[in-house]
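Inspection log for the structure reproduced underneath, given as structure tokens.
Chain letters run A, B, ... following the sequence lines, proteins first and then strands; every chain starts at 1.
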Amino acid sequence: MATKAATVSSESMRTVKEETPFAIVMRRFRKHHLAMVSLGVMIFIFVISVFAQQIAPFEPDEVDVNARFVAPGTTVDGKLHLLGTDNIGRDYFSRLLYAGRISLTVAVLSVLVSELIGIIVGSIAGFYGGWIDSVLMRFVEFLLTIPSLPLLLIVSSMLIRNPDLIPIPDAVLNVLGKVMLLRPSDARQAVLIVIVLAGLGWLTAAQLMRGMILTLREQTFVEAARSLGASNARIIFVHMIPNALAPIIVDASLALAGYIVAEASLSFLGFGIQDPIPTWGNMLSATQTYMYDRPWLPLIPGLPIFLCSLAFNYIGDGLRDALDPRLKQ
Amino acid sequence: MTSYLIRRLFQMIIVILVSAAASYALLNLAPGGPLTGLRQMQQNSRFRITEEDFARIRAYFELDLYLPVRFSRWLIGFPSGPVKIFGQELFANVPVGCYKEIQATFQDAKGNFSVRTIGCKEYVYLKDLEGRRVSKGVLRGDFGNSWRLNRDRPVVDLLVSRIPNTVKLMGISTLLALVIGLPLGVYSAVKQYSRFDYIFTSLAFMGSAMPTFFFGILSIMIFSIVPNRLGWFYLPAGSATAVRDYTIPLLGTVKAGSGLDQGLHLVLPVFVLTIVSIAGWSRFIRGSMLEVLRQDYVRTARAKGLVERVVIMKHALRNGLIPFVTIVVFTLPGLIGGAIITETIFSWPGMGRLYFLALGDSDYPTAMAILFLTAVLTVIATLLRDILYTIVDPRIRFS
């Protein structure tokens, strides 16, 4: 779509410098002010998370039993606890930074994996049609009708108690452990949550992709590719998927918001990543019992969850306006 | 129509059976359960749990039976002994489980130890099931006994004590969300780009991005903790009734367990659930109304000179609400499944919290019962949606 718009504008206004599709999308995106603000906020949060180790004044699991429940801004032994300490005397600010890194990594990985599965399943169903299509899509529809939280809870509670059920290559754990600043054995927990979230989250992406493929299948450029003798795989991967990406990208940014909340909800209910590994969700759940006397303790980790969720929703909204103006309501 | 319904009924039964089997297998694959800790106690000489004790406890929870046998006993209460045909006992010596397992410790290449079952010392035969306690089967309304939450008491008792609370909570909030959210969404669509529309859509946007647990905690702080501290009128949060009498400014003393007490405890969880639903639903309605308002037949109606109110209420609304049927119908499984997060935050004694507690406590019969009910209601909701669709939109036919 974007390519078409580019040719139209360059033909009608020859004096105007030709815009690349990317530039057009960026120009439209910039018009959505809230999306731009959200993008700024998210870049800020990502940068902070990348430099968590350098910014954090304490180790995330460094316990000081003499400094439990220190109020924000208190200095203990010459070191400042910017956001105070939690119930066992860990620096809240440092934990928040590390938690951000873990929560965001889990959400991003879940989006990547689930969109990938969705793209593959959706393209297969849409391209081949027939019984493959009906079997796959009935399955997807069935899973979509089941209330998702009970399902998420049951699967993740099984995996938490039986972490070795799914074999995960050590190389993956080592790399992700480096990314999340975790020991490889702790990284396994995060990977399991990704598997749970993505395993149940690819359904809408598959439906979207199937719909796009169905319309693209009838287009002349696909017919042209086929008449030139292109293989099915080539048609799907080279010609169809790139043209179907716009709604997938929008879906991905909205899904990112969903996964941040879902991961936090799982951690909040105690079926996600477990303490002492910090995530925003389990920090909130660990301190919610103290909300009567120290209301900032649950509020502080809740705020970034809300901010990220809101920001990715706005970014998704802005991307929809920018990538596919026809969808604008 | 009749043949369609019969075909659908068959499909429904199959879907329910498959999902029940899948969740049963999933729950039973997990280690833990009521035997957690027994093995360690077995090694500790202080407790003196013999192998026989262990096997007996295992058999008490039916964990010695093979999974398909266990599932069939859970579902229909069969087999409960040898099959009797014309006074003839059949299959009496077919093994259906393993009473005492042979276990061995293995060491893998990395030096980790793991205990695995390698064989069976003593089998359970079909004839041994005679006289064992067996549930009448789910299909006859018996969900077996709870393992932990209500130890050795029927799961049904637990469910019966929780269902009214959840239905009350979900029913009121769904109704409120409909009554408030529907007109708001329609109005917002009719007055597109107005100041009201702008403010309302932003609020709804934020509401649907807000994580429920954060919203719940915020509202407890704002409406309960802070005003309570300041000596203002506040709302009690947590549980469905108070344990002892309490005093609220403006209202005076509230008797624990009275109607007023129950009502006051309902306000906050209902508020949270309602706001979350309104945010999502009104956005949905606004979207589908906008789509309909753009269509030609609406323009025709306007061109005929109809009053705007008639155009919207009679022409646009009917079609605009069709997609919304799906969403409303699928609150049905929620009536039983409950709102897990909201109920947990407010310690509301409903089904959602029960499910959460059951999973955390490895009380699998209870968790299984809730999952089963949810699956049944989901399937019923799907059928209801399809039937409602044909009623509100005559273009859609049964097929």
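Separation of atoms CZ (B/R229) and CG (A/D293) is listed at 5.5 Å; rounding is to 0.5 Å. Taking CZ from B/F205 and CG from A/L310, the interatomic distance works out to 6.5 Å, rounded to the nearest 0.5 Å. Atom CD1 of B/I220 sits about 7.5 Å away from atom CD of A/Q288, to the nearest 0.5 Å. The OG1 atom of B/T344 sits 5.5 Å away from the CG atom of A/L269 when rounded to the nearest 0.5 Å. B/S23 contributes atom OG, which lies 8.5 Å from atom CG of A/L151 (distance to the nearest 0.5 angstrom). Atoms CZ and CG, on A/F271 and B/L359 in that order, are 5.0 Å from each other to the nearest 0.5 Å.
Heavy atoms closer than 4.5 Å to chain B are found in the side chain of A/F268, but not in its backbone. Heavy-atom distances place both the backbone and the side chain of A/L299 under 4.5 Å from chain B. Both the backbone and the side chain of A/Y314 come within less than 4.5 Å of a heavy atom of chain B. In this structure, chain B has heavy atoms under 4.5 Å from both the backbone and the side chain of A/L153. Both the backbone and the side chain of B/F356 come within contact range of chain A, with heavy atoms under 4.5 Å apart. Residue A/A257 does not touch chain B at all, counting heavy-atom pairs closer than 4.5 Å. With a threshold of 4.5 angstrom between heavy atoms, A/L303 approaches chain B through its backbone and through its side chain.
Side chain of B/Y355 to backbone of A/P150: a donor-acceptor contact under 3.5 angstrom is found.
Residue B/A209 comes nearest to A/V261 through the heavy atom pair O-CG2, 4.3 Å, listed as atom of the first residue, atom of the second, then distance.
Counting heavy-atom pairs closer than 4.5 Å to chain B, the top residue among A/I260, A/V155, A/L307, A/L284 is A/L284. With respect to chain B, the highest number of heavy-atom pairs below 4.5 Å among A/P298, A/A264, A/G281, A/S285 belongs to A/A264. Highest contact tally toward chain A, considering only B/I345, B/I341, B/I225, is held by B/I225 [criterion: heavy-atom pairs under 4.5 Å]. Ranked by heavy-atom pairs under 4.5 Å with chain B, the list A/G270, A/C308, A/S309, A/G302 is led by A/G302.
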Exercise for the section: Please test A/F142 against B/S19 for side-chain contact (heavy atoms from CB on, under 4.5 Å), starting from the C-alpha separation and ending with a verdict. Expected result: CA-CA 10 Å; A/F142 172 64; B/S19 58; 4.0 Å; yes

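Two residues are said to be in side-chain contact when any heavy atoms from C-beta on lie closer than 4.5 Å; B/M221 and A/Y292 fail this criterion.
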